[in-house]
Trainee: 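Handing you a structure now.
This is a predicted model, so every value here is computed, not measured.
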Amino acid sequence: MAYIEEHHERFLSAMYNVYRATDVTFTGENQLKDARAFSRRILEKETMKDCMNLVRPISMTNLQGQIKHELSIPWLARLDHLEHRRCIEREESLGPGTANALSYRLSSQSNATLLQLAIENYTLRQSIFRNELKELERWSKEMGLADMGFARQKTTYCHFAVASTASNSSLSDVRLAVVKSAILVTVADDFFDREGSTDELEALANAVNRWEPKGLTGHGKTIFNALKDLVDDISGQFFNKNGYDIKAFLQELWCQTIASWSKEAEWSRNGHAPSTVEYLQVAATSIASHTILLPAAFLLNPPPEIDILKKRQPLTNSLMLLTRLLNEIRSYQKEQEEGKPNLVLLYMKENPNLGVEESIAIIQKTLDEKKKEFLELALSSNEMPEACKRLHLHCLKSFQMFFNSTNAFDSPTELLADINKAIFDPLRVEDVPGSFMPPNSFQSTLGLKKEKSLASHGKSHYSSSKPCNGFLKSTCAIKVQGNSRKELVTRPYSRILSLQMRNPTIYTTFSKPKAYIY
């Protein structure tokens with residue numbers, strides 16, 4: 001170890017991969033904890049040298065960029081879709097070791113072909129995401145959720161988080177269900193926190209328990225109608241494919257969630273400060289991560305058995321606790337101003353000798369240990385299907401992104417740059433040498449009409465810093481006309497570009513791959 005520290009430049013690639021491996025650490029793996037601390041110290045030495053503006057070979061500069069990215073954003077806070085974009089624009093592989101191995105096996109033509117496929121796949125996903133966002137905005141407006149006045153409008157934020165984690169093209173129905181649930185959770189939570197009177201909140205809670213809107217008016221009626229539409233849609237899709245009804249299970253999920261919001265509203269009205277144990281028993285439900293995730297899980301292929309989800313799996317319980325702890329650490333100031341209970345504040349009340357920073361540090365330590373338990377449950381064999389476990393992991397990654405270092409969910413500008421990169425902005429890549437795409441085909445897509453672009457605010461964590469080196473920078477995008485989806489699945493690469501779309505997909509066979517503008 002002393003030798004490695006003294007000659008750390010020789011071991012950068014190895015230490016980089018050691019550090020990446022320790023992103024997935026389970027409870028009790030203390031050797032990995034030590035390895036992570038040691039490898040991070042080595043990598044930080046190298047990043048300090050970068051501050052001295054030393055001239056380095058291009059290969060070392062690329063590795064150093066990967067190291068800085070690895071150290072700056074925790075793995076759980078990274079969004080797969082934007083990670084793909086970063087690798088494409090920087091022409092990076094998943095790691096330096098992988099790149100060296102591939103260089104011996106792949107010709108430059110093969111590398112160019114793989115890069116071109118990655119470009120087309122990313123651009124195809126963007127076109128799908130834009131259509132999904134249109135559908136979500138239509139639904140939110142049609143249900144009256146977009147015109148509440150008091151509620152946070154987070155349709156784009158929620159869709160960005162879900163699309164950038166669960167980005168597979170075949171998961172469109174799942175994404176729509178997750179985001180609709182998240183929109184409704186955000187609006188209903190704000191109704192219970194800010195807008196609704198005691199009588200209105202009680203009336204809505206009773207209506208959900210009865211599953212009957214009789215007596216509801218105003219915002220409460222709007223929320224109930226949107227909830228009924230969502231539950232009917234998900235249960236209907238599931239019944240058509242699987243032949244049995246899950247509506248009662250979905251209704252019960254929402255009843256439990258609304259009961260937890262009612263309890264928190266009661267605490268706030270009465271100025272009651274619950275114990276930390278009492279608070280977490282309610283708050284793990286009120287964060288509603290399970291209410292957002294579990295209904296959509298029934299639209300996976302294959303779906304989980306309802307009996308498995310009814311038992312409230314340890315993985316789901318772990319997700320509920322983790323998402324609540326993430327939120328608590330980043331929102332205590334806001335909730336203190338609003339007179340709402342918060343774990344940081346309650347912990348300080350129970351431990352008067354501790355300040356804010358000490359309380360946060362203790363909760364953060366608990367959070368870090370619980371993440372290890374979660375990862376072991378998510379990545380090990382158990383009765384929950386793999387696709388459902390992955391959806392749990394996607395959900396945690398979304399929450400970790402929102403609450404990684406700030407409360408980005410409530411920031412009006414912090415995520416806008418990344419949202420543009422994920423959904424709207426065409427890729428910026430150099431012309432690919434030896435590519436099968438015609439030389440001017442990238443430029444021919446510049447007639448793309450960007451249906452909706454967000455203002456360029458906020459700092460993206462996925463900026464490409466690769467120098468142009470005098471090459472022509474190009475952009476590529478899929479042209480989307482209206483609300484129609486025109487996708488192509490190419491047989492030679494169907495394992496890479498396979499799609500399951502609502503509308504029939506035309507399969508086209510051709511002898512030589514070539515680029516298409518849709």
Side-chain angles (χ1 to χ4, degrees), residues 75-88 93-94 114-136 156 158-182 234 237-238 241 289 292-304 315 319 378-379 384-401 418-419 421-424 427 462 477-478 480 485-507 518:
W75 169 64
L76 278 174
R78 286 182 229 144
L79 306 177
D80 294 350
H81 181 59
L82 287 179
E83 288 289 303
H84 294 163
R85 179 178 185 123
R86 181 177 181 275
C87 289
I88 291 169
S93 63
L94 294 178
L114 289 174
L115 177 59
Q116 186 60 39
L117 285 169
I119 290 168
E120 293 182 1
N121 188 46
Y122 187 92
T123 310
L124 177 60
R125 288 182 178 183
Q126 282 188 310
S127 74
I128 295 171
F129 295 162
R130 287 194 293 271
N131 279 315
E132 290 173 353
L133 187 54
K134 284 182 179 179
E135 164 62 18
L136 291 164
T156 303
C158 293
H159 179 254
F160 156 71
V162 175
S164 296
T165 50
S167 57
N168 192 295
S169 301
S170 65
L171 295 177
S172 186
D173 287 340
V174 176
R175 283 192 296 270
L176 291 174
V178 170
V179 179
K180 286 180 180 180
S181 297
I234 295 174
Q237 288 187 60
F238 182 84
K241 292 180 181 178
S289 53
I292 293 170
L293 178 142
L294 295 181
F298 286 109
L299 302 182
L300 291 167
N301 187 20
L315 181 61
L319 175 69
L379 302 175
M384 185 176 286
E386 290 299 318
C388 191
K389 289 190 288 187
R390 281 197 300 273
L391 193 61
H392 279 72
L393 182 57
H394 294 329
C395 185
L396 179 60
K397 285 173 74 74
S398 294
F399 271 82
Q400 182 73 62
M401 178 274 298
D418 284 340
I419 291 172
K421 283 179 176 291
I423 302 174
F424 300 110
L427 285 163
Y462 293 92
I478 289 179
V480 181
R485 295 181 181 176
K486 298 182 179 180
E487 289 94 11
L488 175 72
V489 177
T490 61
R491 284 186 182 274
Y493 300 102
S494 60
R495 293 180 65 85
I496 298 175
L497 299 179
S498 61
L499 301 172
Q500 295 180 14
M501 307 308 297
R502 290 182 176 179
N503 298 324
T505 303
I506 300 174
Y507 287 78
Y518 305 114

Trainee: I'd like to check the side-chain hydrogen bond (donor to acceptor under 3.5 Å, both in side chains) partners of Lys389; sequence neighbours left out, ordered by chain and number.
Mentor: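 With neighbours one apart ignored, the set is Glu386.
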Trainee: Return the set of residues passing ring pair (Phe, Tyr, Trp, His ring centres under 6.0 Å) with Phe298 (not counting sequence neighbours), or none when no residue passes.
Mentor: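 Phe238, Phe249.
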Trainee: To the nearest 0.5 Å, what is the distance between NE2 (His84) and CG (Leu427)?
Mentor: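 Atom-to-atom, His84:NE2 and Leu427:CG are 12.0 Å apart.
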Trainee: What distance separates Gln126 CD from Asn121 CG, expressed to the nearest 0.5 Å?
Mentor: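 One finds 11.0 Å between CD of Gln126 and CG of Asn121.
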Trainee: Which residues satisfy the ring pair (Phe, Tyr, Trp, His ring centres under 6.0 Å) test with His392, sequence neighbours excluded?
Mentor: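 Ring pair (Phe, Tyr, Trp, His ring centres under 6.0 Å) list for His392, sorted by chain: empty.
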Trainee: Is there a side-chain contact between Lys134 and Arg130 (heavy atoms, below 4.5 Å)?
Mentor: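 With C-beta onward as the side chain, the pair stays apart.
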Trainee: Pick from Leu294, Leu171, Leu319, Leu300: which one makes a side-chain contact (heavy atoms from CB on, under 4.5 Å) with Leu391?
Mentor: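 Of the listed residues Leu294, Leu171, Leu319, Leu300, the side-chain contact (heavy atoms from CB on, under 4.5 Å) partner of Leu391 is Leu300.
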Trainee: Quick one: closest heavy-atom pair of Lys421 and Arg85, and the distance?
Mentor: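 For Lys421 versus Arg85, the nearest heavy atoms are O-NH1, 2.7 Å.
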Trainee: Does Ala422 have any side chain to side chain contact (heavy atoms under 4.5 Å, CB included) partners at least two apart in sequence or in another chain, and if so, which?
Mentor: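 In terms of side chain to side chain contact (heavy atoms under 4.5 Å, CB included), with neighbours along the sequence ignored, Ala422 is linked to His81, Leu82, Phe160, Ser164.
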Trainee: Which residues satisfy the side chain to side chain contact (heavy atoms under 4.5 Å, CB included) test with Ala378, sequence neighbours excluded?
Mentor: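 So Ala378 forms a side chain to side chain contact (heavy atoms under 4.5 Å, CB included) with Leu315, Phe374.
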Trainee: What distance do Leu293 atom CG and His394 atom NE2 have between them, rounded to the nearest 0.5 Å?
Mentor: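 Rounded to the nearest 0.5 Å, the CG-NE2 separation comes out at 10.0 Å.
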Trainee: In Å, rounded to the nearest 0.5 Å, how long is the span from CG of Leu393 to NZ of Lys397?
Mentor: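 NZ of Lys397 is found 6.0 Å from CG of Leu393.
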Trainee: Can you name the side chain to side chain contact (heavy atoms under 4.5 Å, CB included) partners of Val162, sequence neighbours left out?
Mentor: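 Partners of Val162 under the side chain to side chain contact (heavy atoms under 4.5 Å, CB included) test: Arg175, Val178, Val179.
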Trainee: Quick one: CD on Glu132 to OG on Ser127, what's the gap to the nearest 0.5 Å?
Mentor: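 Spacing of CD (Glu132) from OG (Ser127) equals 9.5 Å.
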Trainee: If you look at every heavy atom in Ala177 and Ile234, which pair is closest and at what distance?
Mentor: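 Closest pair (atom of Ala177, atom of Ile234, distance): CB-CD1, 3.9 Å.
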Trainee: State whether the side chain of Thr165 and the backbone N or O of Ser398 hold a donor-acceptor pair below 3.5 Å, judged by distance alone.
Mentor: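 Side chain of Thr165 to backbone of Ser398, a donor-acceptor pair under 3.5 Å: no, none is there.
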Trainee: Sequence neighbours left out, what passes side chain to side chain contact (heavy atoms under 4.5 Å, CB included) with Glu83? Give chain and number order.
Mentor: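 Counting only residues at least two positions away or on another chain, Glu83 forms a side chain to side chain contact (heavy atoms under 4.5 Å, CB included) with His69, Arg78, Tyr462.
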Trainee: Could you give the distance from CG (Leu396) to CE (Met401), rounded to the nearest 0.5 Å?
Mentor: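 Here the rounded value is 11.5 Å.
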Trainee: Please list, chain by chain and in numerical order, all residues satisfying salt bridge (charged side-chain N to carboxylate O under 4.0 Å, His left out) with Arg390, sequence neighbours excluded.
Mentor: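 In terms of salt bridge (charged side-chain N to carboxylate O under 4.0 Å, His left out), with neighbours along the sequence ignored, Arg390 is linked to no residue.
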Trainee: What residues, two or more places apart in sequence or in another chain, satisfy side-chain hydrogen bond (donor to acceptor under 3.5 Å, both in side chains) together with Ser289?
Mentor: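 Ser289: side-chain hydrogen bond (donor to acceptor under 3.5 Å, both in side chains) contacts with Thr323.
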Trainee: Give the C-alpha distance, both sets of side-chain angles, the deciding distance and a yes or no for side chain to side chain contact (heavy atoms under 4.5 Å, CB included) between His159 and Ile423.
Mentor: CA-CA 10 Å; His159 179 254; Ile423 302 174; 3.8 Å; yes
